[in-house]
Structure formats: C-alpha cells, structure tokens
Amino acid sequence: MRVLVKTLLLGIALTLAGTANASEFYKGKTITYIVSTSPGGGYDTYARLIAKYLGKHLEAKVLVKNLPGAGHIVGTNTLAASKPDGLTIGTFNTGLIYAQILKREGVQFDLRAFEWIGKAAADPRALVLGAESGMKTYEDLAAADKPVKFATSGVGSASYTDTQLIRSALDLKIEVVPGFNGNEGELAMLRGEIGAQVGSMSSLQSFVDNGYGVFAVAIGGDANGVPQAAGKATTEKGKSIIALVQAMSELGRLTAAPPGTPAERVADLRAAYEKVLTDPQLLAEAEKLGIPIQPSYGEAVAGLVGDALNQSPATVEIIAAAVNVEIKLVTVKTALLDLSPDFKKIKFASGDATIKAKISGSRTAITVNGEEAKRKNLKVGMVCEISYDPEHEDNEPKEMACEG
Amino acid sequence: MQIEQVLSSLLSVVGSPTLMGLIILAVPIGMFFGAIPGLGGKLGIVLLIPFVFGMDPLAGAVFLMAMHAVVHTGGSIPSILFGVPGTGPDAATIVDGFPMTKRGEAGRALGASLGASGFGGVVGGVFLALMLPLLRPVVLAFSPAEFFLLAIFGITFIATLSGKSLRKGLLVGMLGLMLSFIALDPHTGAQRYTFDMLFLWDGVDVITAVLGIFAIPEMIALGAKGGSIAQVTGKAARYNLREVIDGILDVFRHLGLSIRTSLIGAGIGMVPGLGGDAASWICYGHAVQSSKTPERFGKGAVEGVIAPETANNSKEGGALLPTLFFGVPGSSGMAIMLGAFVMLGVKPGPMMALTGMDFVWTLIWTLCIANILAVAMFLACAPAFGMLTFVRGSLIIPFVLTLAFLGSFLSHSAWENIVLLCLLGTLGYFLKKYGWPRPPFVIGLVLGPIAEDSLHKALAIWGPTFFLRPQSLIMVALIVASLAVYFWRRRKRSSVEVNYDI
C-alpha cells in the first residue's frame with residue numbers, strides 16, 4: 001500500500017514538474033471549448049484531442065461543448081458573444097470567412113476581431129473524378145462535351161462555395177447539384193449519377209485509395225503527383241481565385257477566443273496551444289486517429305485570416321458572382337489616403353485597388369475613436385473601418401469607424 | 001464464404017473472456033445511452049472512443065459495436081413507460097406502446113419491445129451475412145429517385161394511420177409536412193419560415209416535435225385526470241415476469257410481421273441517407289396496413305410495438321455493410337464508428353472482403369450476441385420498470401416532464417427548442433382532446449425533408465422522367481398498390497377504422 005501511495009505521489013510530482021511553467025491563472029479553472037458541429041466528425045475529433053492535452057498543459061479542465069446549427073454559424077455567434085475572460089475558446093469551419101465576405105444572413109461576428117489562438121491543420125482541397133464517370137485526368141474534365149455533375153452540400157456551405165469558385169476559376173463546364181451531405185456524394189459517384197466532387201483531400205483519400213476515383217487536381221498541400229490547380233488557371237481572375245481557395249485551405253481547424261479577451265490570457269492560451277500541438281504524445285495519438293497536424297499559431301494565423309478577409313471589391317464581386325450571392329456592402333480596414341477640402345471625397349485602399357468615394361452628410365454614419373462624429377472630424381492618415389457599397393456609383397460608405 | 005471461417009469467428013468471440021466481458025460491459029452502457037432522451041448512440045461512441053484508445057483493434061471494435069447495437073433496445077423503455085422516446089427512431093413505439101402501458105400491460109409491451117429488438121438485431125446480423133455477395137449491386141440500386149418514391153410511399157401511410165376521418169388525418173399530415181419545410185431551402189439556400197432565428201435553419205428537431213406532440217399532452221391529460229399511468233382497476237402493481245415473457249412470445253406469434261419489418265429495417269439501414277426515423281415509421285405503417293384488424297392500432301396493439309422495434313435494431317446490421325465494404329457509412333452513427341475503426345487501425349473498404357473477413361464475421365457475431373444478451377440482461381429489470389407505471393401520477397409527471405425538457409434541450413443544446421416544445425405540446429394537447437390522429441403529423445415531419453431533398457436531386461440528375469427507370473417503376477407500383485389496398489378496404493368495410501387513443 002505504502003509503495004502504491006509513493007508511486008502515486010511520485011507520479012503526481014512528475015506530472016507537476018513537467019508542466020511547472022503553466023500559467024497560474026488557469027490552474028484548476030474550467031475552460032469551455034465550443035465546437036460548432038455535433039459530436040463526431042472532424043471538428044469534434046480535433047477539438048476533443050486538443051482539449052485533452054490543453055487541459056494537461058494548463059492544468060485546467062477543458063470541457064468540449066457541441067453547439068451545432070446553421071453551418072457553424074450558431075456556435076461561432078455564441079463564441080463571439082461569450083464573456084472574453086479567457087475561459088471560453090472555440091473552433092469552427094474556415095468557410096465562415098466566405099460567409100463574412102459575402103455578408104451571409106445570420107452572421108453576428110467579425111472574424112477580424114477574434115483573438116486567434118492557432119490552427120491545427122492544413123486542409124488542402126482536391127477535385128476527385130468518380131471512376132464511373134470515365135474521366136481520369138483534369139484534361140478529360142476540361143474537354144468534356146456535356147456539363148459534368150458535381151455533388152456539394154447545401155447552398156451556402158463551404159463545399160458549395162469552393163466548388164463554385166473552382167468552376168469559375170478554371171472555367172469548367174460543370175453542373176453543381178447541391179444537397180449531398182456527409183459521404184452521400186461519394187456514394188453518388190459510385191453509382192455513377194454524379195461525375196465528380198470537390199472536397200477535402202484527406203477525407204477523399206480513402207475513396208481514391210479504394211479505386212473508386214482519381215484526384216484530377218489539388219488546391220494546396222503537398223499532393224504527391226497530383227497536379228496543382230494553380231497551374232491550370234489561365235486567366236488572372238482564375239489565378240487569384242485559386243490563390244484564395246489555397247489560402248483558405250491552409251487554415252484548417254482554427255481555434256479562437258472571443259473578441260476582447262485580455263492579452264495575457266491570449267498569450268497563455270497561445271503558448272499552451274503551441275505546446276499541445278508539439279506534444280509528442282498528441283502527435284502519436286493524432287497519427288493513430290488518422291488526422292494530419294500542420295499547426296500554426298497566434299499572430300501568423302491572425303494575419304492569414306486578415307488577409308483572406310481583406311479582398312478587393314473586384315475579388316468579392318467575383319466570389320459573389322461565382323456563388324450567385326447578391327453582395328451589398330464591402331468592409332475594409334485601411335488608412336485614409338486623401339481627403340478633399342470640403343470633406344466630401346475620400347480615397348482609400350481596398351485590397352490592391354484604390355477606391356474613390358463620396359461621403360454622404362446624412363447617410364454615412366461616422367465615428368472617430370468610438371464617438372459619433374461629422375465629416376469634418378476626419379483627417380488624412382486615420383485608420384478607418386469602412387463599409388461601402390461597391391455597386392454604388394460614388395462608392396458611398398455606409399459606416400466609417402475611424403481611429404487616430 | 002467459408003463455414004469454417006464463420007464458425008471459428010464465433011468461437012473466437014464466445015471463447016474469449018476478454019471479448020465476452022467487453023460485450024457484457026457494453027450492453028448496459030448502450031441501453032443507458034438509448035434510454036436517456038437526447039443522448040443517443042452517436043454521443044455514446046464519441047464518449048467511449050477515449051476508452052478504446054490503445055485497445056487491440058478487434059476488442060475496441062467489438063466493444064463499440066456491442067454498445068451501438070443495443071441503443072434502441074434501451075430507447076424503447078421510456079417510449080413505452082412514459083410516452084417519451086429515448087431516441088428519434090423509438091418515437092414510433094409510443095403510438096401503441098404507451099396505450100398498452102395505460103391498459104396496465106407495460107410488462108408485455110416491454111417484453112415485446114425487448115424481444116422485437118433482439119429479434120431484429122439478430123435478423124439484421126443474418127441479413128448482413130447473407131447480403132455479402134450481393135452487396136454492391138443492391139446498395140448501388142438505390143438513388144435519390146428511389147429515396148423520393150420511398151418517402152412518398154411512407155407518406156401514403158398517412159391515409160392508413162388517419163383513423164376515423166381521412167380528412168382529419170390528411171390535415172394533420174399536411175401540418176407535419178408544412179412544419180418540415182421550416183429550414184433553409186436545400187436547393188437555393190433561402191430561409192423558409194425561419195423568422196430570422198438561426199435554430200430553425202436546420203429545421204424542426206424531430207425529437208422535440210415527438211415529445212411535444214405525444215409526451216406533453218399525455219402528461220397534461222394524466223395530471224387533469226389523476227391516478228397513475230396504468231389506468232386499470234383491480235390490478236395491483238407487482239413483479240410480473242410472466243407478462244414480460246408473454247410479450248417476448250408475441251414477437252413469435254407475429255413471426256411473419258417480425259421478419260418482414262426486420263428485413264425492411266435492414267434494407268433501409270443498408271442504403272445510406274434515409275435514416276432510422278424513416279425506417280421505424282415506414283415499418284409501423286406497414287404493420288397497420290398489413291393487419292387484418294387495423295382498428296386495434298393506436299389503442300395498444302402489440303404489433304405496433306414489434307414493427308418499429310425490429311426495424312430500428314435490424315438497421316444496424318444493414319448500416320454496417322456499406323461502412324465496412326465501401327468505407328461509406330450507412331448512417332450518421334456509422335460515420336462516427338468508421339472514424340473509430342480507422343483510429344483502431346482497421347481500414348474499411350473493398351479490400352475488407354479479401355483480407356478482413358474474420359473481422360467482419362466477428363462483428364456480425366457481436367451484433368447478434370449483444371442483441372441476445374440485451375434481452376437476457378434486461379428481462380429481470382423489465383417487470384420492475386413496469387411497476388413504475390402504477391405510481392401515482394403526481395409523483396411521476398414531474399419526472400417525465402424533466403426527461404422531456406432535458407431530451408428536447410440536449411438534442412441540439414438550444415434553449416429555443418424548449419419554447420418550441422411548449423408550443424407543440426399545446427398543439428398536441430388539443431389534437432388529443434378533440435380526437436385528431438397524431439401519427440400522421442410525425443410522418444409528415446420525418447419524411448417531408450427526405451422527399452423534398454431527393455426530389456431536387458433526382459430532377460437535377462435525370463430530369464422530369466426520373467421515375468421511369470426500372471427500380472423506380474417498382475416503387476411507383478408499390479405506392480399505387482398501397483393506395484389501392486387502402487381504398488379497397490375502406491369500401492369493403494366502411495366501419496373498420498383505426499381509432500387512436502394516442
């Protein structure tokens with residue numbers, strides 16, 4: 001008995017020693033990890049694995065809370081509205097970046113404002129051709145004389161948006177058939193009703209390994225032998241769209257804390273997250289689970305998300321046109337480049353373009369440093385978050401929130 | 001298929017204390033996850049995965065399989081006792097199971113459900129074994145066109161289930177269909193009747209609807225009336241094992257029905273995309289339609305318990321087929337199971353037929369053994385559960401309502417569901433009070449989205465003539481036959497009608 005107690009104590013002592021530099025704040029606390037899907041499936045698997053080791057490194061209890069609904073929007077809205085005390089974090093689909101760019105209904109969060117903890121994987125996409133379709137290479141698809149049917153999940157989902165973007169970028173003759181959830185698309189390819197599908201390369205890998213289909217092109221990733229879509233795009237527009245999809249695919253399995261989380265908590269969480277994703281035990285477990293780990297942390301992820309969100313109005317229009325969404329407003333955060341003497345005309349950068357806009361005295365809501373303000377309070381060089389309507393002939397801003 | 005291999009797999013399960021121990025451990029866990037409304041088998045696998053981590057692949061797979069196989073055996077317990085379904089697919093069991101309880105036959109209903117679950121599970125396993133050579137053509141024969149027609153076939157059961165007045169039944173069924181249109185339009189992504197509430201984007205939660213339409217009204221009625229759930233006088237609450245065994249024997253008294261519904265369940269399970277809710281309601285409808293005395297249904301006909309319960313257990317065997325041999329899961333539960341298999345180092349896919357047949361046979365046997373064990377293990381508890389229904393209503397109502405609200409909340413972790421539960425509960429109460437049939441409502445709600453979604457897909461794939469393909473024509477013939485039988489019967493015996501107590 002005494003030996004047992006000693007062994008136990010030794011074990012505890014060793015565990016403590018191993019994590020001695022964990023943050024004092026988190027010791028014994030309970031962290032809620034919001035997963036925006038139902039239990040089971042990729043997001044849940046990653047979150048539960050990370051939660052287990054995050055608890056170990058922070059000496060805290062990490063509870064996984066599944067908040068499914070509305071294609072990850074419910075969970076992400078809840079995360080955005082959670083108390084920013086560092087005790088709530090969450091994970092959700094990278095496709096929400098599209099949802100924000102396209103101002104999808106129901107979105108009540110601003111991904112720019114989240115405190116990014118890190119990302120666990122890259123999720124390269126691939127275009128897979130079903131064996132029954134008779135097509136074997138990208139060239140077969142490009143030369144098809146009838147439109148090829150592509151399965152996607154519901155309209156507005158990340159898979160739908162990806163497919164439409166790739167169709168538009170590569171100028172493919174395809175017909176998108178939405179409504180295939182989970183593995184239903186793969187089954188439809190087996191039956192030969194559907195010719196092809198765009199999806200996550202890792203989840204389609206076993207389908208291809210089983211001989212049911214072939215990868216025609218990959219978007220991102222190290223795709224042993226599969227040609228990259230970037231090389232197939234012939235137009236500038238096409239190249240920029242593929243670049244966007246590729247940038248998004250880098251950002252798999254994101255984890256973020258709500259806007260306003262104190263900097264020291266964010267630093268603790270980022271440090272712990274980095275330790276978790278380099279923990280050899282986690283890596284071994286992930287390999288067994290068959291889930292790839294390609295992590296990136298903190299600022300780097302925040303930068304990538306910011307870049308993905310900061311699209312020029314032209315690109316936004318292309319995305320909107322590709323997925324048939326009516327786009328109303330574009331939001332950019334940028335410095336004021338020029339201001340006319342009557343304070344009515346401004347110039348600012350949006351993506352790669354310089355936008356000339358006319359401010360309305362009555363319709364444009366202006367704030368400076370958080371307080372309501374008039375046009376004349378604006379100065380050149382102020383950093384403003386500007387929402388404007390690119391369809392409007394004067395690019396009239398609806399809201400301008402400036403600082404400086 | 002070699003007999004030697006089949007038998008040696010059986011021996012390796014039964015002869016291994018570890019495997020048998022794991023099955024014995026897994027069965028009560030699975031029944032627990034089924035019996036608590038809102039938990040369910042999917043969550044069971046997710047929560048158990050950390051425990052199987054590091055286990056030998058075979059042992060881990062056997063453990064998870066045994067757990068998942070008996071979820072619906074447990075799920076029928078609250079359906080029968082309190083009118084609260086443990087899981088979605090156990091909802092159809094309420095329609096006749098709960099009236100049996102009210103009649104004081106809880107023991108027999110539990111016995112029938114246990115027996116039917118076990119029977120269905122074993123038939124599902126046997127089906128899986130027999131289908132092995134035909135797997136590919138059969139699974140691939142079903143496409144969105146057939147899904148659509150199957151859903152329509154199920155919707156025609158609304159007529160059979162309407163009871164006295166076809167008009168009332170159709171109206172309630174249409175109300176259910178209308179409610180099923182609340183969601184994002186699967187084809188255009190537009191919001192339909194969501195009133196800007198995100199929780200309605202994914203549609204009305206079926207568990208909440210069933211709880212609202214069945215459980216809440218029953219509890220209000222019980223509270224208003226007083227007494228206990230079992231409304232019999234002169235029959236004391238006692239531990240009555242004979243009644244439970246009698247229920248199990250009922251499964252064999254209706255052997256033809258049991259086999260048919262088991263096969264329908266396994267077939268639906270095998271084809272990914274339809275789901276357990278559809279399977280149990282279609283089987284319930286089949287039981288009513290094929291009965292010589294359909295007027296007994298809804299008032300506590302034992303066949304009404306047997307049909308859905310055989311189906312929801314047998315579909316597990318069916319769903320395992322595409323999961324193992326195509327690597328394409330047959331149900332959402334199986335999707336998680338597939339992840340667990342991969343984690344354990346088993347690689348599902350067509351190679352399985354060449355290299356992994358020992359593993360497949362072991363799982364088939366596990367399925368059968370777990371189902372039989374579940375019956376044996378809970379035989380002793382069932383009479384005790386039955387006694388609960390003789391407890392005074394004022395003691396049981398708060399407990400049941402807690403279960404109902406918990407189940408509704410847990411199914412989506414959304415508080416809005418509780419508001420919805422109260423609204424639907426009010427609707428359900430008035431439907432009950434004025435004698436409107438309630439099952440058509442759930443049929444509409446469950447089958448509506450399947451019909452809509454697969455119609456869109458079928459039209460996109462084949463265009464308007466999709467139903468002229470041979471498989472589809474068979475389904476069309478079934479639908480016509482189903483309606484013809486209904487109208488023929490109605491004319492012949494105008495007095496014979498189903499009259500719902502529930």
Side-chain angles (χ1 to χ4, degrees), chain A residues 38-42 44-45 48-49 52 64-71 73-75 77-78 104-108 132 149 151 153-157 160 175-188 190-194 206-207 209-212 285 288-291 323-325, chain B residues 40 42-43 45-47 49-50 53-54 136 139-145 184-191 194 196-202 271-273 322 326-329 332-333 335-340 342-345 347-351 412-414 453-454 456-458 460-462:
Chain A
S38 318
D44 191 61
T45 311
R48 281 176 200 274
L49 181 65
K52 188 167 135 193
V64 170
K65 188 173 175 188
N66 296 91
L67 287 176
I73 294 180
V74 170
N77 280 345
T78 312
R104 213 165 170 232
E105 278 177 275
V107 170
Q108 290 160 14
E132 296 289 315
K149 292 187 179 78
S153 13
V155 175
S157 65
Y160 177 82
E175 185 189 341
V176 174
V177 185
F180 289 85
N181 297 313
N183 302 74
E184 285 168 25
E186 289 162 47
L187 209 69
L190 276 180
R191 287 193 297 259
E193 305 155 5
I194 289 287
S206 70
F207 184 78
D209 286 349
N210 285 333
Y212 298 144
E285 211 167 306
K288 232 178 151 188
L289 283 164
I291 58 175
V323 300
N324 302 319
V325 173
Chain B
K42 264 202 282 182
L43 189 69
I45 304 180
V46 171
L47 294 182
I49 280 179
F53 204 82
R136 201 181 155 97
V139 171
L140 296 185
F142 280 83
S143 68
L184 290 190
D185 183 314
H187 203 55
T188 65
Q191 298 193 37
T194 57
D196 279 334
M197 287 183 284
L198 283 174
F199 95 104
L200 289 176
W201 277 28
D202 302 317
V271 183
F326 295 159
V328 176
S332 53
I336 300 173
M337 189 73 98
L338 182 71
V342 172
M343 182 203 87
L344 288 164
K347 202 159 188 297
M351 289 302 285
H412 265 93
S413 322
D453 184 46
S454 40
H456 275 314
K457 288 188 209 160
I461 295 169
W462 290 289

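Every heavy atom of this structure was used, including side-chain atoms; hydrogens, water molecules and symmetry mates were not. Chain letters run A, B, ... following the sequence lines, proteins first, then strands; residues in each count from 1. Because the structure is a prediction, the values reported are computed rather than measured.
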Student: Name the region of A/Leu67, side chain, backbone, both or neither, that has any atom closer than 4.5 Å to a heavy atom of chain B.
Tutor: side chain
Student: Distance from B/Ile461 atom CD1 to A/Arg191 atom CZ, nearest 0.5 Å?
Tutor: 7.5 Å
Student: Taking every non-hydrogen pair under 4.5 Å, which of A/Gly69, A/Gly154, A/Ser153 racks up the most with chain B?
Tutor: A/Gly69
Student: Can you check whether B/Phe326 reaches A/Tyr212 side chain to side chain, under 4.5 Å on heavy atoms?
Tutor: yes
Student: Give, for atom CZ of A/Arg48 and atom CD1 of B/Ile49, the distance between the pair rounded to the nearest 0.5 Å.
Tutor: 9.0 Å
Student: Under 4.5 Å from any heavy atom of chain B, what part of A/Glu285 do you find: side chain, backbone, both or neither?
Tutor: both
Student: Which distance, rounded to the nearest 0.5 Å, do you find between the CG of B/Leu184 and the CD of A/Glu105?
Tutor: 9.0 Å
Student: Are more than 12 heavy atoms, taken from residues, nucleotides or ligands other than B/Phe199, located less than 6.0 Å from that residue's CZ atom?
Tutor: yes
Student: Does any heavy atom of chain B fall under 4.5 Å from the side chain of A/Asn77, the backbone, both, or neither of them?
Tutor: side chain
Student: Rounded to the nearest 0.5 Å, what separation is found between the CG atom of B/Leu198 and the OG1 atom of A/Thr78?
Tutor: 8.5 Å
Student: At a heavy-atom distance under 4.5 Å, which candidate from B/Ile336, B/Val46, B/Leu338, B/Asp185 has the highest pair count against chain A?
Tutor: B/Val46
Student: At what distance, to the nearest 0.5 angstrom, does CD of A/Glu193 lie from CG of B/Leu140?
Tutor: 9.0 Å
Student: With respect to chain B, which residue among A/Ile194, A/Leu187, A/Val177 yields the maximal number of heavy-atom pairs within a distance under 4.5 Å?
Tutor: A/Leu187
Student: Is it the case that more than 12 heavy atoms not belonging to A/Lys52 sit under 6.0 Å from its NZ atom?
Tutor: yes
Student: Where do B/Trp201 and A/Ala70 come nearest, in terms of heavy atoms and distance?
Tutor: CE3-CB, 3.2 Å
Student: Could you have a look at B/Ile45, B/Leu43, B/Asp202, B/Asp453 and say which one has the most heavy-atom pairs with chain A under 4.5 angstrom?
Tutor: B/Asp202
Student: Can you tell me which portion of B/Pro348 sits under 4.5 Å from chain A's heavy atoms? Options are side chain, backbone, both or neither.
Tutor: backbone
Student: Of all residues at least two apart in sequence or in a different chain, which pass the side chain to side chain donor-acceptor pair (under 3.5 Å) check with A/Glu184?
Tutor: B/Lys457
Student: Please state whether the side chain, the backbone, both or neither of A/Lys288 comes within less than 4.5 Å of a heavy atom of chain B.
Tutor: both
